Amino acid sequence: MLDYYLVQLCVNQADLKVKNPKEVQFKPQTLLLEIVTVIVHLSRKRAFKHAVSRDKRSYSPELYEKVNSHLHRMNAAPMMLVEQFSRFSNSVRQVKVEPEREEELEDVPEEFQDAITFEVMNDPVKLPSSQTVVDRGSI
């Protein structure tokens, strides 16, 4: 849904006509910054990156390039936020480029899958109370 709003703000700008923007306090730059801030905060979760890369409705690498372009042109955009969004954009692009790897991992035996996320474990640990094996990043 966040990407849909980015499309409206950065691609379909002509559709965003407001008669009295000051009266309704419509500030597209502020809205863009707030959406990007939410995305950057959510980007700390690996599952979010994968969800964005699978979003066939709104996500595209070109969209994130346009957002980056808008952010660079805005004087109000904090440079740290711009850099974090740019890094997230690149990481989503990498996930998007590697879909065939996911297909290869479909037949992974259960003992190599995290019991919480069902992804292949990178750093498996056994929980002391339940003896369940999960990836360290999941706990």
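Computed from a prediction, not measured in an experiment: that's the story for all the values here.
M80 and V40 fall into different hydrophobic clusters, defined by Ile, Leu, Val, Met, Phe, Trp and Tyr side-chain heavy atoms under 4.5 Å apart, directly or through other members. If you chain together hydrophobic residues whose side chains sit under 4.5 Å apart, V133 and F112 never meet in one group. Under the 4.5 Å side-chain heavy-atom criterion for grouping Ile, Leu, Val, Met, Phe, Trp and Tyr, M121 is not connected to L127 through any hydrophobic cluster.
Between D3 and L63, the shortest heavy-atom contact is O-CD2, 3.8 Å. Across every non-hydrogen atom of F88 and S43, the tightest pair is CD1-CB, 3.2 Å.
Within 6.0 Å of CD in Q25 there are 12 or fewer heavy atoms belonging to other residues, nucleotides or ligands. Annotation: E62, atom CD; neighbour count of heavy atoms from other residues, nucleotides and ligands within 6.0 Å is above 12. Residue F48 qualifies as enclosed at atom CZ: its count of foreign heavy atoms under 6.0 Å is above 12. Within 6.0 Å of NZ on K66 lie no more than 12 heavy atoms contributed by other residues, nucleotides or ligands.
Using a 4.5 Å cut-off on side-chain heavy atoms (C-beta onward), N20 and F26 make no contact. Between Q29 and L33, the closest side-chain pair of non-hydrogen atoms is not below 4.5 Å. Counting only heavy atoms from C-beta outward, the side chains of V82 and H72 approach each other to under 4.5 Å. The shortest side-chain heavy-atom distance between V67 and I39 does not fall under the 4.5 Å cut-off. Residues R46 and D135 are in side-chain contact: their nearest non-hydrogen atoms beyond the backbone lie under 4.5 Å apart. Within the 4.5 Å cutoff, the side chain of K45 has no heavy atoms near those of the H50 side chain.
The CG atom of L32 sits 7.5 Å away from the NE2 atom of H70 when rounded to the nearest 0.5 Å. Rounded to the nearest 0.5 Å, atoms OG1 (T37) and CG (L81) are 4.5 Å apart. How far OG of S89 is from CD of Q84: 13.5 Å, rounded to the nearest 0.5 Å. If you take SG on C10 and CD1 on I35, they are separated by 8.5 Å, rounding to the nearest 0.5 Å. Atom NZ of K27 sits about 9.5 Å away from atom CD of E34, to the nearest 0.5 Å.
Ion pairing of E65 with R93 is present here, as a side-chain N (NZ or NE/NH1/NH2) and a carboxylate O approach within less than 4.0 Å.
For the residue pair S69 and R73, a side-chain donor N or O sits within less than 3.5 Å of a side-chain acceptor on the partner.
For F85, the ring pair (Phe, Tyr, Trp, His ring centres under 6.0 Å) criterion is met by Y64, not counting sequence neighbours.
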